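Note that the structure is predicted; figures quoted are calculated from it, not measured. The sequence lines fix the lettering, A, B, ..., with proteins before strands; numbering per chain opens at 1.
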2 protein chains.
Amino acid sequence: MDHVDRKIIAELRTNGRASYAELGRTVGLSASSVHERVGKLEAAGVITGYHAVVDARAVGLGVTALVGIQPTDTASDDDVAVALGELDEVESCYAVAGDEAFVVKVRVGTVDDLELALGRLRRIDGVARTHTTVVLSTRFEGRPNNTSLGRPAGDARGGVAS
Amino acid sequence: MDHVDRKIIAELRTNGRASYAELGRTVGLSASSVHERVGKLEAAGVITGYHAVVDARAVGLGVTALVGIQPTDTASDDDVAVALGELDEVESCYAVAGDEAFVVKVRVGTVDDLELALGRLRRIDGVARTHTTVVLSTRFEGRPNNTSLGRPAGDARGGVAS
DNA sequence: ACTGAAACCGATCCGGT
DNA sequence: ACCGGATCGGTTTCAGT
């Protein structure tokens with residue numbers, strides 16, 4: 001993971017469909033070299049996938065809520081997490097510090113759907129209480145943080161070697 | 001926005017680098033037709049972009065926190081949102097209902113960086129108080145919700161026509 | 001680890017239906 | 001709206017450095 005890899009990653013984070021030729025031009029390498037590097041980054045689990053970003057309202061998902069989940073005393077966190085993952089409405093799931101075990105992001109079409117989704121959440125074994133915060137507007141979301149790009153080569157903390 | 005468009009969108013959400021030829025095979029159309037449809041979806045703002053997803057730890061961003069932001073009485077929400085957007089550490093920003101004005105997702109390298117980031121948040125004009133929830137583990141994130149794909153053609157709520 | 005050539009395949013344009 | 005052909009450019013492989 002050197003400076004060039006980071007530049008490639010930064011580019012692919014903002015334009016996930018950039019061609020290898022294009023990437024090669026921005027980093028000053030041949031397309032084949034970039035192809036090789038990207039393959040290694042994918043294999044190493046640094047790049048985990050590519051996704052199209054879709055306007056949620058345009059696909060009928062105009063209502064977003066953040067839901068804190070208080071567990072029962074007897075619950076296994078892992079079981080609860082798995083159950084949360086089985087609900088299609090739950091887009092993201094974070095285990096958190098504090099008196100709630102999880103915070104999940106729920107996305108649905110209408111407030112009626114939200115009511116249904118919350119009902120399903122509460123019916124999960126191990127869920128004692130939920131605390132819902134309705135999102136009024138998404139100002140921005142999933143923005144790439146490029147802080148790490150300025151750092152010297154070996155300074156990535158936390159694992160996943162190349 | 002018909003059934004085929006939704007199928008294309010679903011495919012691109014899970015594989016943002018799928019070729020038009022590939023997409024054509026999965027929906028039963030020629031590559032040129034798919035090319036045309038995707039172009040229209042992009043132009044209509046249904047597809048807003050393509051992003052590589054990166055393992056946060058691998059790029060030196062192993063610490064995530066959710067921060068609720070209480071505004072001062074005199075603050076303009078829009079000004080605060082803009083200021084939040086100027087901080088690189090703030091990955092997402094939601095205006096929410098409740099006694100907090102915003103919930104933001106912050107991603108940094110270390111707890112030291114988190115302390116610095118929270119300091120910067122509090123120094124924003126219009127921010128009275130912050131309430132931080134540290135993420136212990138991300139169970140899953142940004143999962144595509146496919147509820148809308150089962151719906152009949154004209155049933156997408158909330159706007160953005162084709 | 002990178003390059004450049006070469007074969008292959010997909011993207012993109014366009015005329016026709 | 002879709003197709004199919006033609007062309008152009010990118011992807012992918014590989015031998016060479």
Side-chain angles (χ1 to χ4, degrees), chain A residues 1-55 58-60 148-149 151-156 159-162, chain B residues 1-55 58-60 148-149 151-156 159-162:
Chain A
M1 262 279 273
D2 63 358
H3 157 78
V4 176
D5 282 333
R6 265 190 284 274
K7 214 164 164 184
I8 291 171
I9 288 168
E11 195 59 30
L12 283 173
R13 267 218 285 205
T14 55
N15 177 14
R17 278 180 88 86
S19 73
Y20 297 119
E22 240 173 296
L23 293 169
R25 267 173 249 129
T26 68
V27 302
L29 283 179
S30 69
S32 31
S33 288
V34 173
H35 180 244
E36 199 178 336
R37 278 174 177 266
V38 172
K40 283 176 186 172
L41 288 169
E42 289 170 355
V46 176
I47 296 174
T48 60
Y50 303 89
H51 298 295
V53 179
V54 169
D55 184 287
V59 293
S148 57
L149 299 172
R151 288 190 193 149
D155 202 24
V160 189
S162 107
Chain B
M1 263 277 274
D2 62 1
H3 158 78
V4 175
D5 282 333
R6 265 190 285 274
K7 214 164 163 184
I8 290 171
I9 288 168
E11 195 58 31
L12 283 172
R13 265 219 284 208
T14 54
N15 178 14
R17 278 181 88 84
S19 73
Y20 295 119
E22 240 173 296
L23 293 169
R25 267 172 250 130
T26 69
V27 302
L29 282 179
S30 69
S32 32
S33 290
V34 173
H35 181 245
E36 199 180 336
R37 278 174 177 266
V38 171
K40 282 176 186 172
L41 288 169
E42 289 169 356
V46 177
I47 296 173
T48 60
Y50 303 89
H51 298 295
V53 179
V54 170
D55 184 287
V59 293
S148 56
L149 298 172
R151 289 188 193 152
D155 200 23
V160 186
S162 105

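For the atom pair CG (A/Leu41) and CZ (A/Arg6), the distance works out to 10.5 Å, reported to the nearest 0.5 Å. Expressed to the nearest 0.5 Å, how far CG of A/Leu12 lies from CD of A/Glu22 amounts to 10.0 Å.
With A/Arg17 contributing its side chain and B/Ala18 its backbone, the two residues share a donor-acceptor pair below 3.5 Å.
In the helix from C/dA1-D/dT17 to C/dT17-D/dA1, the terminal helix axes, each the rotation mapping four pairs' C1' atoms onto the next four within five end pairs, subtend 30°, rounded to 10°.
One can place CZ of A/Arg17 at 13 Å from C1' of C/dT12, the figure rounded to the nearest angstrom. Put simply, CD on A/Glu42 is 13 Å from C1' on D/dT11, counting in whole angstrom units. Following rounding to the nearest Å, B/Arg37 (CZ) and D/dA1 (P) show an atom-to-atom distance of 8 Å. Rounded to whole Å, atom P of C/dA1 lies 9 Å from atom CG of A/Asp2. Here C/dC2 presents its C1' atom at 12 Å from CD1 of A/Ile8, a figure rounded to the nearest Å.
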Between the protein and nucleotides 15-17 of chain C, which nitrogen or oxygen pairs come in under 3.5 angstrom?
none

Just the table, please: protein N/O against nucleotides 13-15 of chain D N/O, every pair under 3.5 Å.
none

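For the pair A/Gly16 and A/Tyr50, the tightest heavy-atom approach, listed with the atom from each and the gap, is O-CD2, 3.7 Å. Residue B/Gly24 comes nearest to B/Val34 through the heavy atom pair CA-CG2, 3.5 Å, listed as atom of the first residue, atom of the second, then distance. B/Asp55 and A/Gly45 get closest at one heavy-atom pair: CB-O, 3.4 Å. The shortest non-hydrogen separation linking B/Arg37 to B/Ile8 is CD-CD1, 3.9 Å.
Not counting sequence neighbours, B/Glu42 has no partner by the salt bridge (charged side-chain N to carboxylate O under 4.0 Å, His left out) test. Applying the side-chain contact (heavy atoms from CB on, under 4.5 Å) criterion to B/Ser30, with sequence neighbours excluded, gives B/Ser32, B/Ser33.
Close to D/dA1, at under 4.0 Å from its OP1 or OP2, lies no side-chain N or O of B/Ser33.
For A/Lys40 and A/Glu36, the salt-bridge test passes: some basic side-chain N is under 4.0 Å from an acidic carboxylate O.
Against DNA chain C, the stretch residues 18-30 of chain B makes heavy-atom approaches under 4.0 Å through B/Ser19, B/Tyr20, B/Ala21, B/Arg25.
Looking at heavy atoms from C-beta onward, A/His51 lies in side-chain contact with B/Val53 at the 4.5 angstrom threshold.
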